[in-house]
Amino acid sequence: MKVLIVGGVAGGASAAARIRRLDEQAEIIIFERGEHVSYSNCALPYYLGGEVGERERLVLMTPESFKSRHNIEVRLQSEVRAIHREEKCVTVRTSEGREYREKYDKLILSPGADPVRPRSIRGIEGEKVFTLRSVTDAGALKDYMDRVKAASAVIVGGGFIGIEVAENLRAAGLEVTVVEGLEQILSPFDEDMVQMLHKELMDNGVGLCLSARVSQITETGVRFAQGEVEREISADVVVMCAGVAPATAIAREAGLEVNARGYLRVNGNFQTSDPDIYAVGDAVESYDRLRRRPGSLALAGPAQRQARAAADHICGIPGVSRGFIGSSCLKVFGLNAACTGLNERAAKEQGIPCDIAYVLPPDKVSLLPGSHYLAFKLVFEVPTGRILGAQAIGRGDAVRRIDVIAAMLSQNSTLEDLKELELCYSPVYGTAKDVVNLAALVGLNVLSGRMKQVPVSEVRSLVESGAYIIDVREPGEYAAGHLKGAVNIPLSQLRERMEEVPRDRPVYLHCRTSQRSYYALCQLVGSGWRNVQNISGSFLGICLYEYYRDRADGREPIVTAYNFN
């Protein structure tokens, strides 16, 4: 059997190695149009910031190591230009311009995706404009910055790669600005959560220009519009991180079926519309398990699983594709951020009735050094309690908590399942009632109607309308910073002062993180009050939500002083 593979890295290289393990006699050839066949794509930003010292460390496998370890032939700088399905061969062009044909029994397409360079932006082809998709790209960008002694950079696009590039260029000493077309960076995170990351970028000297449409890259900078206002920011270097498009031109020309966005359609074994041609990775339309529809996801983990499944099927091992749920993480300076499944916005767009639990407990026992709050948002279906997704941001282990939810999502679990989930515990790693268990308990209180809540995004309107808000923290905490107009009735005094609480108008309770205000709510409800609601996230959540927005928009704060402790 002769297998040709178009493209290396996570998809193509993984498929080739798996086929070799299953079939020692197969002839396997990888065609890679670039200079490297196997490299750490996700580590490219960290080379720019100096965490990865030598460029060569980004390369994981060379053609020589593929040959010696796996007896797999790799042909670099060899671009597959056409697929001839009837003849079962491909046309290949070398870096010298020579073309030849190579026959196959099975063909695997792993062409990846190309960075988007919008032609509507004038100056997009300028020498200071770069993308970051390969070791060659990273090397060219780094060499240019060193040559011109770059002092400033603009990152166009606030997705995962854009934010990682921004952090690393800042670490390299550049003045950095991120220009993003949406109202927020990192769209997998909900607007109420992402404000923490906006704040962290700002606190570390990264400028953010949101809802901005880039029109031109000039000799001195980047010109863009925010609403009706035209602006220009100086930049010695510009990095385009505005998304990717599937590299499926040769597949389309060969008549293989693609969707409206150009992604290759495949079945559960990752066969295209031609059963002898498989496709994996960033160019493939896969199955979105939570939305229950086809979708695409450009991540290394799903690409490797797809590659293994395709290789197995080629070698006669049947499999079942379970699709993807979408789990991601990144570091933003001192914060760790992770998410999985659907966020609240996506669930509502899908028409799924849902609610949320938003908690801010310590990430480890609070009396230990290094303990810090962990913001955790759990999205669940109403009335079933089925878990839909989660997001976590903090200085501690956000990723582990989201990994737990990702595992629960794969089992179609509910809040009840999460409540009972038994996890490891030590004071240095967490709390006896872990963050995820606590979120499940809060979610069950909301789902059952035992607690009514108001999200942090609605607090400003409550304050500005003169709503009756009770701060149940102690007087010293209240004095250090509080919501304007809030009445201070400490939880320790509530039973004696309960009659001060109105019965004839809505009452909103908060403390630092919603725990004491929940106790206050239980006291009031247990004493006959029916007009009380808890502010989700409480004072800490309000400060985290409002701080960047107030600074960026120049608004009058709704707190007397911010407090993030």
Side-chain angles (χ1 to χ4, degrees), residues 1-34 37-38 61 63 66-67 69-76 78-94 99-113 246-259 263-287 300 302-321:
M1 178 174 65
K2 184 175 182 179
V3 181
L4 304 184
I5 301 174
V6 180
V9 200
S14 297
R18 176 63 174 170
I19 291 171
R20 173 57 72 226
R21 294 194 296 273
L22 296 174
D23 187 345
E24 180 60 27
Q25 306 307 316
E27 181 181 359
I28 307 169
I29 304 173
I30 300 175
F31 297 99
E32 171 56 52
R33 63 180 176 176
V37 65
S38 178
M61 291 276 285
F66 265 105
K67 188 65 176 177
R69 294 184 190 180
H70 304 300
N71 192 26
I72 293 170
E73 182 179 354
V74 175
R75 300 179 188 176
L76 295 180
S78 297
E79 183 179 8
V80 174
R81 302 282 293 177
I83 302 168
H84 311 284
R85 293 166 54 192
E86 296 79 7
E87 303 168 52
K88 297 188 72 171
C89 69
V90 298
T91 295
V92 184
R93 177 182 291 176
T94 68
E99 289 195 354
Y100 64 93
R101 291 193 174 195
E102 192 79 41
K103 295 190 69 67
Y104 65 82
D105 295 310
K106 301 293 182 182
L107 176 65
I108 300 177
L109 302 178
S110 182
T248 54
I250 62 167
R252 295 197 304 270
E253 291 166 4
L256 298 178
E257 187 177 351
V258 298
N259 66 14
Y263 289 86
L264 278 161
R265 288 206 162 112
V266 293
N267 63 17
N269 297 306
F270 296 95
Q271 290 170 294
T272 67
S273 50
D274 184 325
D276 289 322
I277 302 177
Y278 294 71
V280 299
D282 295 355
V284 164
E285 175 189 82
S286 188
Y287 181 67
Q304 289 192 347
R305 289 193 293 275
Q306 293 167 7
R308 184 183 179 96
D312 284 356
H313 192 259
I314 286 172
C315 296
I317 301 174
V320 176
S321 173

Please tell me if the side chains of M61 and V74 come closer than 4.5 Å, counting only heavy atoms from C-beta onward. no
Report yes if the side chains of L109 and I83 come closer than 4.5 Å at any heavy-atom pair, otherwise no. yes
Give a yes or no answer on whether the side chain of [X] reaches the backbone of [Y] with a donor-acceptor pair at less than 3.5 Å.
X    : Y    : answer
E257 : S273 : no
R252 : V258 : no
E79  : R81  : no
S14  : G12  : no

Quick one: closest heavy-atom pair of [X] and [Y], and the distance?
X    : Y    : result
E99  : T91  : OE1-CG2, 3.8 Å
C315 : M1   : SG-CE, 4.4 Å
A307 : A10  : CB-O, 4.5 Å
T248 : A283 : CG2-CB, 3.7 Å
Q306 : G281 : OE1-N, 2.7 Å
L264 : A279 : CD1-CB, 3.7 Å

Go through the structure and list residues passing salt bridge (charged side-chain N to carboxylate O under 4.0 Å, His left out) with [X], not counting sequence neighbours.
X    : value
R101 : E87
K2   : E102
D276 : K88, K106
E27  : none

From [X] atom [atom1] to [Y] atom [atom2], the distance as rounded to the nearest 0.5 Å:
X    : Y    : atom1 : atom2 : result
S78  : Y100 : OG    : OH    : 5.0 Å
Y263 : S286 : OH    : OG    : 12.0 Å
I277 : L107 : CD1   : CG    : 5.0 Å
I108 : Q271 : CD1   : CD    : 11.0 Å

Please enumerate all residues that pass ring-ring contact (aromatic ring centres under 6.0 Å, His included) together with H313, with sequence neighbours excluded. Y278
Taking the basic N atoms (NZ, or NE/NH1/NH2) and the acidic carboxylate oxygens, is any pair closer than 4.0 Å for R265 and E285? yes
Sole residue of L76, I72, V3 in side chain to side chain contact (heavy atoms under 4.5 Å, CB included) with I30: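 For I30, the side chain to side chain contact (heavy atoms under 4.5 Å, CB included) check succeeds only for I72.
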Can you list, pair by pair, the side-chain donor-acceptor contacts under 3.5 Å of residues 15-22, counting residues two or more places apart and other chains?
| unit_1 | atom_1 | unit_2 | atom_2 | d |
| --- | --- | --- | --- | --- |
| R18 | NE | D312 | OD1 | 2.7 |
| R18 | NH2 | D312 | OD1 | 3.0 |
| R20 | NE | H70 | O | 2.6 |
| R20 | NH1 | D23 | O | 2.7 |
| R20 | NH1 | E24 | O | 3.1 |
| R20 | NH1 | A26 | O | 3.0 |
| R20 | NH2 | A26 | O | 2.8 |
| R20 | NH2 | N71 | O | 3.0 |

